[in-house]
Enquirer: 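Okay, handing you the structure first.
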Amino acid sequence: MSELDALYPPLIDGRLEPLGDATFDAVNPTTGEVLARISRGGQREIDAAVAAAKTALPGWAATRPEERSRLLLQVADWMEANLDRLTMVDALDIGRTVFEIPQDYRQAIGQYRFFAGAILTHDGWNSFVPGSWRIAKREPIGVVGQIIPWNVPAIMVAFKLAPALAAGNTVVLKPDENASLSTMETAKKLAEIFPPGVVNVVPGLGEEAGAALTAHPDVAKLAFTGSSEVGRLIAHAGASRLVPVSLELGGKSPNIVFPDIDDMDAVVDNTTFAATFCNGQSCLAGTRLFVHDDIYDEFRARLVAAFERITVGLPFDPATRLGCLVSETQGRRVLDYIDSGLAQAKVLTGGGRATVPGGGHGWFIEPTVFETTNDTRIAQEEIFGPVLSLLRWRDFDTMIAEANGVRYGLAAGIYTSNLANAMCTADRLQAGNVWINQYVNLQDGSPFGGYKESGIGREVCKETLDMYTTLKSIMIAEQVPPPFYAPA
Ligand code: NAP
Ligand code: MG
């Protein structure tokens, strides 16, 4: 892999240059090694980036959708050609596995291509009545401020940039302090592809660069992915300035197994994956597994065996399925939840920190299953680690009430061989994404987003362009109407 840069400056107005001396470190969570320094943006950088985005807006908004489409396709092509290097950068920076990260990039590439295509058919609509015409035109909203978390950086950047840029907005994006490296590598290419000021990337801390961006009077829309707590702050900031806010927040998703499943081992494998992919650090994770009483004991035994087969190891080992958590903070947070599980529930496997040779610095967590009820803290709160709550169910209505009985509503899974049963269950679940006989399938074009405290708005789909545009109605008459007031 070619070397990382010693310093990653912000991308502002087409230039990659630091505006000040402050930096923070990009740290390899597996080894503790400092990988690079990153400029620590604050009010000054946000002001400069928003000013650049504001200046670039009229020109960018006036480009033809075909031109915006062409540039987005260049991002996708570059990313595809550099997939191996970008995978290495993320594995170094966030501790996730080289087995899994390429899928992030395939998802990201798909988003640039999807919105490059979708914008070509999303240009408002016309209605024709003889003698009178009305046109509803979509227009970009303006300068968009976007803030993202650390768990899947490539996907987060693509979900935010691709629709906003396709729709003709200019952008100031703040990546997460814990996962800025691959975004700053990508920023170097964005500087080559887009006109100056169209895309600005300001790394920094949430309370500094993030807060400055959300409060900036020239930002016309805010888009955020991360915790519900910070999401609430962003919504308040948007409300105080009356700008629209879209939010993708946390989850505590139910995964429901009916007794009529055909292949128990396949379902065990898929529900294990649902709880542990991304090292368990996914808002989509299926962390509450409801298994029907008729098959519960057998399923539980096979589930525990599946969790015990998961290879915890160094991110660069191709056999590793679970790398280390992104930081000590996350590690301690997950262990605190595990302690509460040990006090309130029954641990079936795991339940502690794992040691991995060569990864002494890393916060590796044993894949953990608790047998519990829906009212415990581990069953109610988002843990963001490889920790699953297993629940037994018998009565359908009670199970549905429990499945919906959390403050979140992002995703859900259903496993059954009866299609009508699956569809009726899907109807009853308060979740933005329901997967049947599978888990985690985000297809370009299929809406993604949450009910309840999991968020506001939908990404990944054509409707996302509605979040990043505003509608103008223009009415045209053939003749000025007859006089309303009688002539004197
Ligand atoms: P977070 O605190 O919500 O951070 C997400 C982003 O918001 C980061 O870029 C962060 O900046 C920024 N931010 C923080 N405070 C801000 C403020 N006052 N104003 C503006 N921006 C601000 O999430 P986290 O600390 O990374 O993770 C905490 C928990 O959130 C996780 O354990 C998990 O439960 C949940 N989470 C959910 C998702 C999801 O996809 N739904 C993703 C990640 C985390 P910095 O961190 O760089 O300072
Ligand atoms: Mg953070």
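Read the numbers this way: they start at 1 and go in the same order the structure lists the ligands and their atoms. This structure is a prediction, so every number in the text was calculated from the model and none was measured.
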Enquirer: Do any N/O atoms on Pro149 end up under 3.5 angstrom from N/O atoms on ligand 1?
Expert: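 No.
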Enquirer: Counting heavy atoms only, name the option from Phe24, Phe224, Phe159 that's nearest to atom 5 (C) of ligand 1.
Expert: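 Among Phe24, Phe224, Phe159, the closest heavy atom to atom 5 (C) of ligand 1 comes from Phe224.
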Enquirer: When you compare ligand 1 with Glu382, is there at least one nitrogen or oxygen pair between them that comes in under 3.5 angstrom?
Expert: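 Glu382 vs ligand 1: N/O contact under 3.5 Å present.
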Enquirer: So is Val230 polar-close to ligand 1, meaning N/O to N/O under 3.5 Å?
Expert: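 N/O-N/O distance under 3.5 Å: no.
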Enquirer: Could you give all pairs that pass the salt bridge (Lys or Arg N to Asp or Glu O under 4.0 Å) test and reach residues 30-47, with sequence neighbours left out?
Expert: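 Found Arg40-Glu208.
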Enquirer: If we only consider heavy atoms of Glu208, is any one of them less than 4.0 Å away from an atom in ligand 1?
Expert: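 No; Glu208 lies far enough from ligand 1 that no heavy-atom distance drops under 4.0 Å.
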Enquirer: Ser454 near ligand 1, heavy-atom distance under 4.0 Å?
Expert: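 Outside the 4.0 Å threshold, so no.
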Enquirer: Using a strict 4.0 Å cut-off to heavy atoms of Cys283, name the atoms of ligand 1 that fall inside it.
Expert: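 Every atom of ligand 1 under 4.0 Å from some heavy atom of Cys283: 39 (C), 40 (O), 41 (N).
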Enquirer: Report, in ascending order of atom number, the atoms of ligand 1 lying under 4.0 Å from any heavy atom of Gly250.
Expert: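 Every atom of ligand 1 under 4.0 Å from some heavy atom of Gly250: 41 (N).
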Enquirer: Does an N or O anywhere in Ile147 fall below 3.5 Å from an N or O of ligand 1?
Expert: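 It does not: no N or O of Ile147 is found under 3.5 Å from an N or O of ligand 1.
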Enquirer: Relative to ligand 1, is Glu229 under 4.0 angstrom through side chain, backbone, both or neither, heavy atoms considered?
Expert: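 The answer is neither.
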Enquirer: Between the candidates Ala212, Ser227, Ala237, which shows the shortest non-hydrogen contact distance to atom 23 (O) of ligand 1?
Expert: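 Looking at heavy atoms only, Ser227 sits closest to atom 23 (O) of ligand 1.
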Enquirer: I want to confirm something. Looking only at heavy atoms, which of Gly204, Gly206, Ala285 is nearest to atom 17 (C) of ligand 1?
Expert: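 Answer by nearest heavy atom: Gly206.
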Enquirer: I want to know if ligand 1 touches Trp150 in the polar sense, i.e. an N/O pair below 3.5 angstrom.
Expert: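 Right, the criterion is met.
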Enquirer: What salt bridge (Lys or Arg N to Asp or Glu O under 4.0 Å) pairs are there with at least one residue in residues 225-235, not counting sequence neighbours?
Expert: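 Qualifying pairs, neighbours excluded: Glu229-Arg407, Arg232-Glu453.
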Enquirer: Could you tell me whether Arg85 and Glu185 have a side-chain N and a carboxylate O separated by less than 4.0 Å?
Expert: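 Salt bridge flag = yes for Glu185 with Arg85.
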Enquirer: Under 4.0 Å from ligand 1, counting heavy atoms only, is it the side chain of Gln330, its backbone, both or neither?
Expert: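 The part of Gln330 near ligand 1 is the side chain, not the backbone.
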Enquirer: Quick one: which of Val334, Leu249, Leu284 has a heavy atom closest to atom 41 (N) of ligand 1?
Expert: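 Residue with the shortest heavy-atom distance to the ligand atom: Leu249.
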